[in-house]
Amino acid sequence: MSKIAVMGAGTWGTALALLLNKNGQQVTLWSYKEEEANELKETRMHPNIEHVMIPDEIEMTSDIGQAIFEKEVIIISVPSKFMRENIQKFAPYIKRTQVIVNTSKGIEDESLKTMTQVIKDFLPENEVATLSGPSHAEEVAAEIPTTCIIASKNPEIAHTLQNICMSNTFRVYRNADILGVELGGYLKNIISLASGIADGLELGDNSKAALITRGLAELMRVGVNMGADTRT
């Protein structure tokens, strides 16, 4: 059993807390709002995840120190636009031996840094990994079969995190290319949005196939130019 803090009680953070709890881990779920933490304690349900009860074993808190204290793994699951301000608040409570896992997709507007790079600004000595989809939080919570990837430059850490997260319905693959995984998880959303626009314009399957195919080629070019592995 591992002691894990999930920092962020949105749908994705809550879904991961449910998954990890079912896998036998000791989980604390942190919310930045005291009212939200209290509501989750009382109702044992997330308002945006239907028909899934949150087990009593999952501890809820809005206290950063309480959430992080003596945890082996700290999962950061906050919106990317709030990553810097949140990690700045978390950092004073985090010890260098604690493993950090980013689950947020995005690029910081001003710096153009990935989320793990933002985390490293405040925690340069910690092991930082990334967990990425494609996945929908509500489907993970409902135990619908899903695959994800854990990216870490440390093979031992990657293997440990894979074992912590893996279940009969949640398969986790390993990758050493953190930058490639982060860029892929972020940039593919642009292709997804454009594909939806193509559907709305009734452009047909040919146009969408071209968009997806050429979009993937562009994604690869951007990633490689930024230092990611072509294969990722």
Side-chain angles (χ1 to χ4, degrees), residues 8 10-16 18-19 46 48-52 75-83 101-118 128-153 158 161-162 165-232:
T11 54
W12 190 217
T14 302
L16 289 173
L18 291 165
L19 168 74
H46 193 285
N48 296 322
I49 302 177
E50 296 182 353
H51 313 303
V52 179
I75 295 175
I76 312 294
S77 187
V78 299
S80 57
K81 64 180 179 179
F82 300 125
M83 176 61 79
V101 181
N102 164 60
T103 69
S104 301
K105 293 185 177 75
I107 303 290
E108 191 173 48
D109 288 344
E110 294 183 3
S111 70
L112 299 183
K113 290 184 176 183
T114 66
M115 293 299 101
T116 59
Q117 289 168 345
V118 173
V128 180
T130 281
L131 179 70
S132 188
S135 56
H136 289 302
E138 65 276 9
E139 293 188 8
V140 172
E143 299 183 52
I144 293 172
T146 302
T147 62
C148 276
I149 192 164
I150 190 78
S152 171
K153 294 179 181 178
L161 294 173
Q162 180 187 41
C165 296
M166 187 86 82
S167 75
N168 290 336
T169 58
F170 193 81
R171 183 165 181 81
V172 183
Y173 294 88
R174 300 191 305 272
N175 193 305
D177 183 15
I178 297 176
L179 177 62
V181 168
E182 284 194 281
L183 289 175
Y186 170 66
L187 294 172
K188 59 88 177 164
N189 287 340
I190 299 171
I191 301 172
S192 177
L193 288 168
S195 297
I197 292 169
D199 281 346
L201 294 172
E202 299 181 350
L203 293 180
D205 291 339
N206 289 357
S207 298
K208 188 158 67 170
L211 173 66
I212 292 170
T213 303
R214 298 316 307 165
L216 289 172
E218 287 293 328
L219 188 157
M220 183 175 70
R221 270 197 290 271
V222 171
V224 170
N225 286 339
M226 292 182 68
D229 190 317
T230 308
R231 294 167 297 179
T232 309

Ser80 (side chain) donor-acceptor with Ser104 (main chain) under 3.5 angstrom: no
Could you state the interatomic distance from CG (Leu183) to CD1 (Ile178), rounded to the nearest 0.5 Å? 12.0 Å
Partner set under side chain to side chain donor-acceptor pair (under 3.5 Å) for Arg214, not counting sequence neighbours: none
Main-chain N/O of Val172 paired to Gln162 side chain as donor or acceptor, under 3.5 Å: yes
To the nearest 0.5 Å, tell me how far Met220 CE sits from Leu187 CG. 13.0 Å
In residues 134-151, what donor-acceptor pairs under 3.5 Å come from side-chain atoms, sequence neighbours left out?
| from | atom 1 | to | atom 2 | distance (Å) |
| --- | --- | --- | --- | --- |
| Glu143 | OE1 | Lys22 | NZ | 2.7 |
| Glu143 | OE2 | Lys22 | NZ | 2.8 |
| Thr146 | OG1 | Ile144 | O | 2.8 |

Heavy-atom side-chain proximity of Leu16 to Leu131 below 4.5 angstrom: yes
Report the residues that fulfil side-chain contact (heavy atoms from CB on, under 4.5 Å) with Leu201, sequence neighbours left out, ordered by chain and then residue number. Ile197, Leu203
Side chains of Leu18 and His46, heavy atoms from C-beta outward: is any pair under 4.5 Å? no
Considering residues at least two apart in sequence or located in another chain, which fulfil the side chain to side chain donor-acceptor pair (under 3.5 Å) criterion with Thr103? Ser77
Which atom of Leu19 lies closest to which atom of Cys165, heavy atoms considered: CD2-O, 3.7 Å
Pairwise side-chain hydrogen bond (donor to acceptor under 3.5 Å, both in side chains) hits with a residue in residues 188-205, at least two apart: Asp199-Lys208
Check side chain to side chain donor-acceptor pair (under 3.5 Å) between Lys105 and all other residues, then give those that pass, not counting sequence neighbours. none
Considering all heavy atoms, the nearest Ala129-Leu161 contact: CB-CD1, 3.7 Å
Tightest non-hydrogen contact, residues Val181 and Ser132, listed as CG1-CB, 3.6 Å
Arg171 to Met166 - nearest heavy-atom pair and separation: CA-SD, 3.5 Å
Can you pull out every side-chain hydrogen bond (donor to acceptor under 3.5 Å, both in side chains) where at least one residue sits in residues 221-232? Sequence neighbours excluded, please. Asp177-Thr232, Glu218-Arg221, Asp229-Arg231
Any donor-acceptor N/O pair, Glu182 side chain to Thr116 backbone, under 3.5 Å: yes
Could you give the distance from CD1 (Ile76) to CG (Asn102), rounded to the nearest 0.5 Å? 8.0 Å
Rounded distance (nearest 0.5 Å) linking atom CD1 of Ile190 with atom CG of Leu211: 11.0 Å
So which heavy atom on Ile49 is nearest to which on Thr11, and how close? CD1-O, 3.7 Å
What closest approach, in Å, do Gly8 and Val78 show between heavy atoms, and which atom pair accounts for it? CA-CG1, 4.4 Å
